Each structure stands twice: as C-alpha cells, then as structure tokens.
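Read through the structure below, which is laid out as structure tokens, and then see the notes.
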Amino acid sequence: MRHISLIFVLGLFWLLLSGFFTTFLLSLGVLTVVVAVLATHRMAAIDQEGHPVQLALRAVTFLPWLIWEIVKSAWSVSKIILDPKLPISPTMTTVTAGQKTVVGVNVYGNSITLTPGTVTVGVQGKKLAIHALTQDGAADLEAGAMDARVTRFEGGAA
Amino acid sequence: MDWTLVRDLVTWALLLSGSFFFVVGAVGMVRMPDLFTRMHAASVTETLGVGLLLAGMMLEAGIGQITAKLFILGALFFFASPVSTHALAQAALHMSVKPKLAKDLAARDAAAGE
Amino acid sequence: MTDPMFLVPIFAILIAMFLAVTRALAGPTVFDRVLAANSIGTSAIMFLAVLGFLTGRPEWLDIGITYGLLNVIGTFAVLKFFRHGSLAESGADAAQEEDA
C-alpha cells in the first residue's frame, strides 16, 4: 500500500516539475519513479517512518493549526526584535514528549523548532532539550498545549 | 466587484508583509547577542517571510504549474529548515558553545550599568 | 510583465542578504557564520523566485528549488565537517571515538 502511494506521490512530483507530456519525457519519468521506489525499497525506508502516509488525513486539520501558531509566535518574536530594549530572557528547559511513536516525537520536535522563539537543541529518547527566546515562550511550551495537539495528530497510529 | 483589483490588493499586502518579516528576521540576526537567539531571528525569515512572499507570488501566478512549483519550494522550506536549525543547534552545543541565558545577560547589563 | 509590485520584495531580500553578510563577517563563532550562510542561501532562493516574476520568466523557480536542496545539504556538510573534522566518517564511528 505504501509503495503504491509513494509511486503516486513521486509521479505527481515529476509531472508538476516537468509540465511536458511527450512520450519520451513521460517514459523517463516512469523510469525515474521506478528506480527511486526500488532504491527506497532496498533501503527498507518505505515504512510508517519513511513515508508516513497514515498522517495525511489528520494533517488537513493539524497543518493550519501549526501555521497559525507559527504566525502568532513569529509576530511576537518580530516585536521583540524591533523593541529598542531587546527584552529577551533566553531560557533552557526540558519537556517530555507525550507521543507514542518516533514519528510523533519527530513531528513534535520539528514543530517546536519551526515555531520562532523556540528551538529543539537536543533529543534524548522522549526528553527534548529546548532553547527558548523568552521565559514566557518556555512556560507556554511547558504548559503542553502543543504536545497535546501533536499527540492528537499522531492519533492511534501504532 | 472588480476581482482583479481585490486580488492585486491582497497580493500587495502579502508581498509587503512578507518583505517586512524578511528584513525583520535579518535585523534580528544582527542585533541578537548570541548564536541561539540569532537562530530564533533567522527562523522568522524562514517561516513567515518566505511563506508570505510565496503566498503573494502564488496569488499572482494563479492556478497552474508555477503555483505548484512555489508550493514545492514552500514545502521544502517547511520540512528542511527546522532540521537544519536543529542540526546547527546540536552541533554548536556539542562543540560546547554555551547559550547565554537570562541571568548571564542580566549580569552583563548590571556590569555595563556600573 | 515588469510589474513594479515585485520590486519591493527584491529590495527587502537584498537588504536581508546584506545584513546576513555583515553577520557572517562579524562571526564570532563558526556556527554564526554557518547560520548566516544558510540565511544568505534562503535569501538567494527567494531572490531567484521573485526575479523570475519580475522578468516574467518563472522558469527560474526550478533553479530556486535546486538551490534549496543544495542549501540544506551544504549546511549539513559544513556542520559535519566542523564536528567530526571529515566528511567520510559516520556519526556512530565518531561517537565511539569520543567515548574511547
């Protein structure tokens, strides 16, 4: 199943980048997709970690939420940058990821990094070391709203 | 309603705000006191600056191959920038570059005040 | 299709690139310079994309996408080089050497 979806995604990617529909170029595209899927198969990378298609449906609601979080925190970081006093209070903290799978922890860590104002600097199992620009940002993260949201996004994927 | 005008206005708004955040991120990268705080400033550029500029260009291009390519570029930033930021932070910590924390900055300010 | 609306982002990107260059020159650590280089790369990609629109040749987007991939790989290569002193070593080998 994952193979079929990977073939579909790669084919779509080729068509979008190419935009030509001549026989020669299409056959080159098919060849490329086949080689890419075979190589990925040999690396045993087509699993729920390498091609996490099980998250696609829930991503429809998760991504807008994440983008809105990014906009909010980018705005607050911009205000800090433009403030003449530069009111920063850099903080190191550790949060525990509540997700069950590796993919979930990965999504959580990357969501933290993607939101301006917080960066994941280290991962030990499920302990994430966070550097935050302000103490408020660190406190927000420790409150765990994002953790809960990512856990919901991860869902029952075992 | 003249939809072309509305679209142009929204495109202008997106491009202007994108440019604004692009420059703000770069200004932050110069103003911030240490590596880790500079990373936060750079991520403003890489998320909101890039995102708004790409959105403006998508609106200008309309539905088609160009929008698809802009979308792919946006997805590339979306997935790659946190990974390289994390790699940078981890490498810096590993090479024992210590982040300046709030109390260090307070101490420095107190020393500067004397 | 020389639309003046794209001149604003062009100038914004050039200013951002200039500020990133000053950061790259100022340092002080090598990681600040890597961060600045990454930022210059981001600016260059967006510059290519916007310039494509400004000149009415959006084909430049393809170059932008390629440059984006190179930017990521380049950052990793430089970081790995400064961390392990070589590009050929795997992370696991280096960790064992440090333990020994």
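Remember, predicted model here, so these are calculated numbers, not experimental data. Below, chain A is the first sequence line, B the second, and so on; all start at residue 1.
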So, the part of Val30(C) with a heavy atom under 4.5 Å from chain B: the answer is neither
Greatest number of non-hydrogen atom pairs under 4.5 angstrom with chain B, of Asp32(C), Ile65(C), Val72(C), falls to Asp32(C)
From the list Leu35(B), Thr11(B), Val23(B), the residue making the most non-hydrogen contacts under 4.5 Å with chain C is Leu35(B)
If one checks every heavy atom of Leu88(B) against chain C at 4.5 Å, the contacting part turns out to be both
Bottom line for Thr22(C): the part with an atom under 4.5 Å from chain B's heavy atoms is side chain
Residues Met29(B) and Ala36(C): closest non-hydrogen pair is CE-CA, 4.1 Å
Ranked by heavy-atom pairs below 4.5 Å to chain C, first place among Gly18(B), Ala89(B), Ala42(B), Ala87(B) goes to Ala87(B)
So, the part of Phe77(B) with a heavy atom under 4.5 Å from chain C: the answer is side chain
Quiz prompt | Minimum side-chain heavy-atom gap Leu15(B)-Val8(C) below 4.5 Å | solution = no
Smallest heavy-atom separation, Pro9(C) atom then Ser19(B) atom, equals CA-OG, 3.3 Å
Counting heavy-atom pairs under 4.5 Å with chain B, the top scorer among Asn71(C), Asp62(C), Val34(C) is Asp62(C)
Taken in chain and number order and not counting sequence neighbours, the residues that satisfy side chain to side chain donor-acceptor pair (under 3.5 Å) with Asp34(B) are Thr37(B)
Most heavy-atom pairs under 4.5 Å with chain C, out of Met57(B), Glu46(B), Met39(B), belong to Met57(B)
Applying a strict 4.5 Å limit to non-hydrogen atoms, the region of Val27(B) in contact with chain C is both
Between the CZ atom in Phe22(B) and the CZ atom in Phe11(C), the distance rounded to the nearest 0.5 Å is 15.0 Å
Counting heavy-atom pairs under 4.5 angstrom with chain B, the leader among Pro28(C), Gly64(C), Ala12(C), Gly68(C) is Ala12(C)
Taken to the nearest 0.5 Å, the spacing of Met46(C) CE from Leu73(B) CG works out to 6.5 Å
Whatever's closer than 4.5 Å to a heavy atom in chain B on Ile10(C) counts as neither
Assert top hit (heavy-atom pairs under 4.5 Å, partner chain C, pool Ser84(B), Ala80(B), Ala92(B)) equals Ala92(B)
Most contact-rich option vs chain B, by heavy-atom pairs under 4.5 angstrom, among Leu79(C), Leu35(C), Thr29(C), is Leu35(C)
Applying a strict 4.5 Å limit to non-hydrogen atoms, the region of Ile66(B) in contact with chain C is both
### Query
With a 4.5 Å limit on heavy-atom distance, are the side chains of Ile45(C) and Val50(B) in contact?
no
